[in-house]
Amino acid sequence: MKQNDINRTTVAVIGAGHAGCEAALASARMGVDTVLFTLSLDQIANMPCNPSIGGTAKGHLVYEIDALGGEMGKCADAVTLQSRTLNLGKGAAVHSKRVQADRVEYHVRMKHTLEQTANLRVVQAEITDILEKKDENGISTGIRGVMTRLGEIWTCESVIVATGTYPEAKIFVGDRSFESGPDGSLPSKGLSASLSAMGIRLMRFKTGTPARVKRESIDLSVLEIQPGENASLPFSTQTDRNTYLRDEQIPCHIVYTNAETHRIIQENIKRSAMYSGQISGTGPRYCPSIEDKIVRFADKERHQLFVEPMGKNTEEMYIQGFSTSLPTDVQWRMIRSLKGFENAEIMRYAYAIEYDCADPTQLYATLEFKDHPNLYGAGQFNGTSGYEEAAAQGLVAGINAALTALCREKITLPRSGSYIGTLIGDLVTKGTNEPYRMMTSRSEFRLILRQDNADLRLTPIGYACGLISEDRYKAFLSKKEAEETEKVRLESTHLGPDAVNPLMDAMGLERVKSGVSLGDLLRRPQITYADLAVLDKERTSLPLEVVKTVETDVKYAGYIKRELSEVDRQKKLENKTIPEHVDYHEIKGLRLEAIQKLAKFRPTTVGQASRISGVSPADISVLLMYLGLK
């Protein structure tokens, strides 16, 4: 074992995927010396699955990452091939931005950002051991450092494990399997054993990816085209709205499986690694393999697939929805059974991948391990799926590791204030028995946790942490003031029936019989902010992002007020802390199941305790009385 004077840092981040990049950038930007370790510099911020950022609920996470001062949104904006807003036919709460990204350019930009960041070193090295300090009873008291496969020891004060799908990773294609990370990269070997020796409970999960097909071998002319949208706002407030998507967007296409595709899969289902018993890991419920879809939804005659570009300067096309672990000969037949794919050429085969991850109930909501001070987990290592979920966790872990180094109080994001808080809250209080995916339905506060108001909710926190510059914060305050001023103006501007009814008649709506405010008119489902322009003579030109927030806040004011009252109720529970060493077995009146669950998960607040499965409202009442809080 070797140690050099230069092998010292404050925060060590293991893994340079989307979680590791955000963690390292956050820590370094807060002024803390940080080292980011990666198995390969060529795999930094890689997108081994779909080259896209955002999507349903995931778009919310990206906006929140940006609002806190993270990098994902800014990088995605710079490499966007196509942008679309999903769920436009539904309410504003579930509108979600999704972009098709240039996979290679995303990696290049993120790698260069890391390389140019002060207080940050990027080192290609495999970490095999985490070294802890221990007291005379063998209890962990903190972090000593990490050791590489080459025997180097790096001393540090905190470690963030963001190892993605690499730990003890194994690839499956049909009856063939071999040790490998995603995209044929090296797996992480040894770190899982080190974590297990520390007493950390590990799980085995699985995910997969579809084949990549050569563009010119597909007859795109017979496929349904899916263009991008024209008026699209970027993810990041740092992106210039005037230059965003200045270039022509690259279209995606839609194709469908058919009876022949299903026949091929059904006849070869036992050759799938998923169904032959080779894979022991649990796969993602909401992104299943195509063979899993055929089995689970046997009544469906076809399944929709999306044909998406991997980048501007590559012929590779990604077939979203066609993930599989079937053998290569079956993959050929499946692909060529699709309309327009009769002469398709596969450039990369589909595969399933198994990997180790940690049970997230071992973590506090700060993402620090409960029994291992200054050790943090982030990303797929915590049992999640998706780049956005990973980046969000990495950002929180990086912020908290840096705050610890700066002797400042760590942050915990409440679920009532962000999807990031919802994501982390679910993980640490409920755990997961499959790769966790963020969805809007997971939040009970969807109407106040929208994409358009992520800055209002989180930018003050990012500013307090030191991740938002003074100039950016002043711009945020100006935008906030413009929104509040416009909402007040709409509510206080009243018009008589003679002024309003010509618009009502033109839109086929019921006439008004008395004076009405612009706000009241906007609350009518059929009327938009743009519709009111003909009546609103005092209106000034406002940025689109301001208009979106104003329109939604005014239109849903009554519903938002009710949600905010529930937030206040929840906050009261979140503010009631539970002493760390409470013996739940001593609390008379608690049911046995509640005692077992509370003792296992060790919630830090009554709010967290109330969300643990198996803990009833009656148990919470008993707990409050025991703590003298009721």
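- Nearest heavy atom pair, residue A76 against residue T80, reads O-OG1, 2.7 Å.
- Under a 3.5 Å cut-off, the side chain of E483 and the backbone N or O of V546 do not form any donor-acceptor pair.
- Side-chain atoms of V35 and R121, non-hydrogen and from C-beta on, do get closer than 4.5 Å to each other.
- Geometrically, K97 engages F235 in a cation-pi contact, judged by NZ or CZ lying under 6.0 Å from the ring centre and within 45° of the ring axis.
- In summary, the side chains of S96 and K58 do not present any donor paired with an acceptor at a separation below 3.5 Å, with no hydrogens or angles considered.
- Closest of all the heavy-atom pairs between T440 and R446 is O-CD, 2.9 Å.
- Separating the CD1 atom in I65 from the OH atom in Y419 is a distance of 14.5 Å, to the nearest 0.5 Å.
- Here the CD-CG distance, from Q331 to D329, works out to 9.0 Å after rounding to the nearest 0.5 Å.
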One pair to check against side-chain contact (heavy atoms from CB on, under 4.5 Å): N453 and Y63. What are the steps and the verdict? CA-CA 9 Å; N453 67 3; Y63 275 101; over 6 Å; no

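- Counting non-hydrogen atoms of other residues, nucleotides and ligands closer than 6.0 Å to NZ of K293 gives a total above 12.
- Looking at E64, its side chain does come within 3.5 Å of a backbone N or O of I420 through a donor-acceptor pair.
- With a 4.5 Å cut-off on side-chain heavy atoms, M203 and P360 count as touching.
- Here the closest heavy-atom approach between residue I44 and residue H107 is recorded as O-ND1, 2.7 Å.
- Under the salt bridge (Lys or Arg N to Asp or Glu O under 4.0 Å) criterion, the residue pairs touching residues 227-242 are R241-E545, with sequence neighbours excluded.
- Put simply, the side chain of Q100 does not reach to within 4.5 Å of the side chain of F306, judged on heavy atoms.
- At least one donor-acceptor pair under 3.5 Å links the side chain of T549 to the backbone N or O of D452.
- Using the six-membered ring where Trp is involved, H18 and Y387 have ring planes that are tilted, between 30° and 60° apart.
- Formation of a donor-acceptor pair under 3.5 Å by the E354 side chain with backbone atoms of K170 is not found in this model.
- Closest approach of T324 to S289, counting heavy atoms only: CA-CB, 4.3 Å.
- A donor-acceptor contact closer than 3.5 angstrom is absent between the side chains of T10 and D33.
- Nearest heavy atoms, S272 versus E291: OG-OE2, 2.8 Å.
- When every heavy atom of S192 is checked against every heavy atom of E168, the shortest pair comes out as OG-CG, 3.6 Å.
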Determine, step by step, whether L427 and L363 satisfy the side-chain contact (heavy atoms from CB on, under 4.5 Å) criterion, reporting the C-alpha distance in whole Å, the side-chain angles of both residues, the deciding distance to 0.1 Å, and the verdict. CA-CA 9 Å; L427 290 173; L363 303 167; over 6 Å; no

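- Side-chain N/O atoms of N46 and R103 include a donor and acceptor closer than 3.5 Å.
- With values rounded to the nearest 0.5 angstrom, S232 atom OG is found 7.0 Å from Q249 atom CD.
- One finds a salt bridge joining K111 and E115 here, because a Lys/Arg side-chain nitrogen approaches an Asp/Glu carboxylate oxygen to under 4.0 Å.
- For D426 and Y436, the side-chain atoms include at least one donor-acceptor pair closer than 3.5 Å.
- Between the side chains of E308 and S52, no donor N or O sits under 3.5 Å from an acceptor N or O.
- For R215 (side chain) and L220 (main-chain N/O), no donor-acceptor pair under 3.5 Å exists by modelled atom type.
- Q43 and D183 share no donor-acceptor pair across their side chains, judged by distance under 3.5 Å alone.
- K480 and D455 are not joined by a salt bridge, as no carboxylate oxygen comes within less than 4.0 angstrom of a charged side-chain nitrogen.
- In this structure the side chain of F322 reaches within 4.5 angstrom of the side chain of T261, judged on heavy atoms.
- Around atom CD of Q116, more than 12 heavy atoms belonging to other residues, nucleotides or ligands sit under 6.0 Å away.
- Comment: R442 does not engage E389 in a salt bridge, judged by the lack of any side-chain N to carboxylate O separation of less than 4.0 angstrom.
- We find that E105 and K312 are not joined by a salt bridge, their nearest charged nitrogen and carboxylate oxygen being 4.0 Å or further apart.
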Please assess T128 against K189 for the test side-chain contact (heavy atoms from CB on, under 4.5 Å), listing each intermediate value before the final yes or no. CA-CA 7 Å; T128 57; K189 302 289 294 180; over 6 Å; no

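- In this structure, the ring of Y351 has its center no less than 6.0 angstrom from the ring center of F172.
- Panel note: side chain T422, backbone S418; a donor-acceptor pair is recorded below 3.5 Å.
- With hydrogens and angles ignored, the 3.5 Å screen pairs a side-chain donor or acceptor of R336 with a backbone N or O of A344.
- For the pair E316 (side chain) and R348 (backbone), a donor-acceptor distance under 3.5 Å is absent.
- Under the 4.0 Å criterion applied to side-chain N and carboxylate O atoms, D66 and R472 are assigned as salt-bridge partners.
- To the nearest 0.5 Å, atoms CZ (R457) and CG (L449) are separated by 5.0 Å.
- Between L395 atom CG and N400 atom CG the span is 9.5 Å, to the nearest 0.5 Å.
- In this structure, the side-chain hydrogen bond (donor to acceptor under 3.5 Å, both in side chains) partners of T209, at least two apart in sequence or on a different chain, are R212.
- For T459 (side chain) and A67 (main-chain N/O), a donor-acceptor pair under 3.5 Å exists by modelled atom type.
- Put simply, the side chain of S441 never gets that close to the backbone of M439: no donor and acceptor are under 3.5 Å apart.
- Within the 4.5 Å cutoff, side-chain heavy atoms of L413 are placed close to those of L68.
- Atom CZ of residue F341 and atom CD1 of residue I218 lie 4.0 Å apart, to the nearest 0.5 angstrom.
- C21 is not listed as a side-chain neighbour of E71, based on a closest heavy-atom distance of 4.5 Å or more.
- With a 4.5 Å cut-off on side-chain heavy atoms, S185 and Y166 count as touching.
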Kindly determine whether Q304 and I254 satisfy side-chain contact (heavy atoms from CB on, under 4.5 Å), including the steps that lead there. CA-CA 7 Å; Q304 189 178 56; I254 297 173; 3.6 Å; yes

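- A 6.0 Å sphere centred on CG of L186 holds no more than 12 heavy atoms belonging to other residues, nucleotides or ligands.
- Contact check for E126 versus S188: side-chain heavy atoms found under the 4.5 Å cut-off.
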